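Only a predicted model underlies this, so the values are computations on that prediction, with no experimental measurement involved. In what follows, chains carry the letters A, B, and so on, assigned in the order in which the sequence lines appear, proteins first and then strands, with residues in each chain numbered from 1.
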Amino acid sequence: MLPIQLFRQNKDLVLDGLKKKNFKDLDLVDKIINIDEQRRKLQVENDSISAAVNVASKNIGNLMAAGKKMEAEELKNDVAKNKEKAKEIANQLSELEKEQFDAIIVLPNLPHSTVPFGKTPEENEIIKTGGIIPVLGADKLPHWELAAKYGLIDFELGTKLTGSGFPVYMGQGARLQRALIQFFLEYNINAGYKEYYPPYMVNEATAYGTGQLPDKEGQMYVTKEEGFYLIPTAEVPVTNIYRDTIIAEQDLPVKMTAYTPCFRREAGSYGKDVRGLNRVHQFDKVEIVQLTQPENSYSVLDGMVAHVENLLQLLGLPYRILRLCGGDMSFASALTYDFEVYSAAQERWLEVSSVSNFEVFQANRMKIRFKEGTGKTQLVHTLNGSSLALPRIMASLMENYQTNDGINIPLALQPYFGSEKIK
RNA sequence: GGAGAGAUGGCAGAGCGGUCGAUUGCGGCAGUCUUGAAAACUGUUGACUGUUAUAGGUCCGGGGGUUCGAAUCCCUCUCUCUCCGCCA
């Protein structure tokens, strides 16, 4: 949620940002500013009545103690009148507050100045390409066929147990999955991230904090009795660890990592997009989250991008890094870099990580603040990224490293996997 | 699932209708003393809103009520703890 101060101080900045994000309903900005002015006027009125009532109440107490009952009664009448007026104002006030909130909550975050203009994924900016795309023979197989050939993943079995999009990993496939999780976590921990193992279900307040609610309600699974949401990413519980807290400045940056399964309903997808591991309802991911001072957040973002890039290099996968355009960015993000790896049998790029700076957008909702040296409290910037999402890494590893007699395991992964090759 | 107790500032813990945003202790910060540190002593130490700045207003788990006035009384919800039952 955008801080209201921004509207008062820099309306043009808000408007320009919203345009870049292709937000249509720009009239909301003026509406919010108007409401805010009215609201504050009423607030002042309300406060002065409260002040009068407070003084009168104290006087009544004193008069009663002095035995001047008549005068006390008179004052009581005054107070009663004031309170009637106050009630009216309070009603208007809460109405305005709600109106303001409803208007401001639907506004997306403002994009960073480096975010390119654009509406569709095609307009994302490719800022870097790395690694070498392997040359495969004509008999190359897509990962779903490799999965069947070596008995690594059973998609139909998952359909039997649950439904489509819930693959069952088995044997060497399950082991590869476990090895990747371990590898990613260790890599993050070595870079100074603290490991967390959070709940896989969260309550409404938590889902709201990171912006899943009210924006993406339909994308999450919900439990029937409790109304808990199955997490679509570890970002949700992990960032919320610091909800409603004031962090000492010397404890920044806070660096957290967590492995969790992720659950996404992803209604409306079809065709080659959902084939095999390309898009599933349950998948594993290792996430990194940082909370920082505002002035550091963009260098921290660069650091996280380098961190994820290095991980892909260790796996020897061909990758590219995209800076998302305004129209393709998520609701809450100010700047997002997507990482895609090339899956050499499908001959397509697959998104495996998304690294974003949310600036104060999430922190404002969650009231995550820090205390400066001067004693002033202000909102932190929140950042997160995947390092990494598992299924598409699996897909690309399988396809790119396939040989006639098996699938090679990259060197960096071998200590975790326990052998050099899947046969 | 059954029975009982409780939720107050970073933590511990008082307050049970009026000058309480809240006694006190610990912790934190600053100072005195010291070559330095510790100890001791002194002072200071919540958040939000708001004003040019003062001021003012709000907040004692959430919501509602009684009252001129509520942390204090009533209702309700949520959560925590203790005991019993059940269970991996």
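Among residues two or more places apart in sequence or in another chain, the side chain to side chain contact (heavy atoms under 4.5 Å, CB included) test is passed with A:E156 by A:D154. Listed by chain and residue number, nothing satisfies the salt bridge (charged side-chain N to carboxylate O under 4.0 Å, His left out) test with A:E217 (two or more places apart in sequence, or in another chain). Qualifying side-chain hydrogen bond (donor to acceptor under 3.5 Å, both in side chains) partners for A:S333, counting only residues two or more places apart in sequence or in other chains: A:T336. Partners of A:K119 by side chain to side chain contact (heavy atoms under 4.5 Å, CB included), not counting sequence neighbours, listed by chain and number: A:N22, A:E123.
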Taking only N/O atoms, report every protein-nucleotides 45-49 of chain B pair under 3.5 Å with atom names and distance.
residue, atom, partner, partner atom, Å
B:A47, OP1, A:K371, NZ, 2.6
B:A47, O3', A:R369, NH1, 3.2
B:C48, OP1, A:R369, NH1, 3.0
B:C48, OP1, A:T377, OG1, 2.8

Distances under 3.5 Å only, N/O to N/O: pair up the protein atoms with those of nucleotides 67-70 of chain B.
residue, atom, partner, partner atom, Å
B:C68, O2', A:S57, OG, 3.2
B:G69, OP1, A:K83, NZ, 2.0
B:G69, O4', A:S57, OG, 3.4

Pairs under 3.5 angstrom, nitrogen or oxygen only, protein versus nucleotides 71-75 of chain B, please.
none

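Looking at heavy-atom distances under 4.0 Å, A:S50 makes contact with sugar-phosphate atoms alone, never a base.
Under the salt bridge (charged side-chain N to carboxylate O under 4.0 Å, His left out) criterion, the residue pairs touching residues 91-108 of chain A are A:K98-A:D102, with sequence neighbours excluded. Counting only residues at least two apart or on different chains, no ring pair (Phe, Tyr, Trp, His ring centres under 6.0 Å) pair has a member in residues 225-245 of chain A. Pairs passing the salt bridge (charged side-chain N to carboxylate O under 4.0 Å, His left out) check and including a residue from residues 379-395 of chain A, sequence neighbours excluded, do not occur. Applying the salt bridge (charged side-chain N to carboxylate O under 4.0 Å, His left out) test to pairs two or more places apart or on separate chains, those with a residue in residues 287-303 of chain A are A:K285-A:E287.
Secondary structure note: stems in RNA chain B built from 3 or more consecutive Watson-Crick or G-U wobble pairs under 3.5 Å occupy B:1-7 with B:78-84, B:10-12 with B:24-26, B:27-32 with B:40-45, B:46-49 with B:56-59, B:61-65 with B:73-77.
To the nearest whole angstrom, the two P atoms, one in B:G61 and one in B:U8, are 6 Å apart.
As a whole-Å value, the separation of A:D36 CG from B:G50 C1' is 12 Å.
Between A:N54 and B:U58, a side-chain N or O to OP1/OP2 separation shorter than 4.0 Å is present.
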Give the C-alpha distance, both sets of side-chain angles, the deciding distance and a yes or no for side-chain contact (heavy atoms from CB on, under 4.5 Å) between A:L322 and A:D328.
-> CA-CA 11 Å; A:L322 291 82; A:D328 198 32; over 6 Å; no

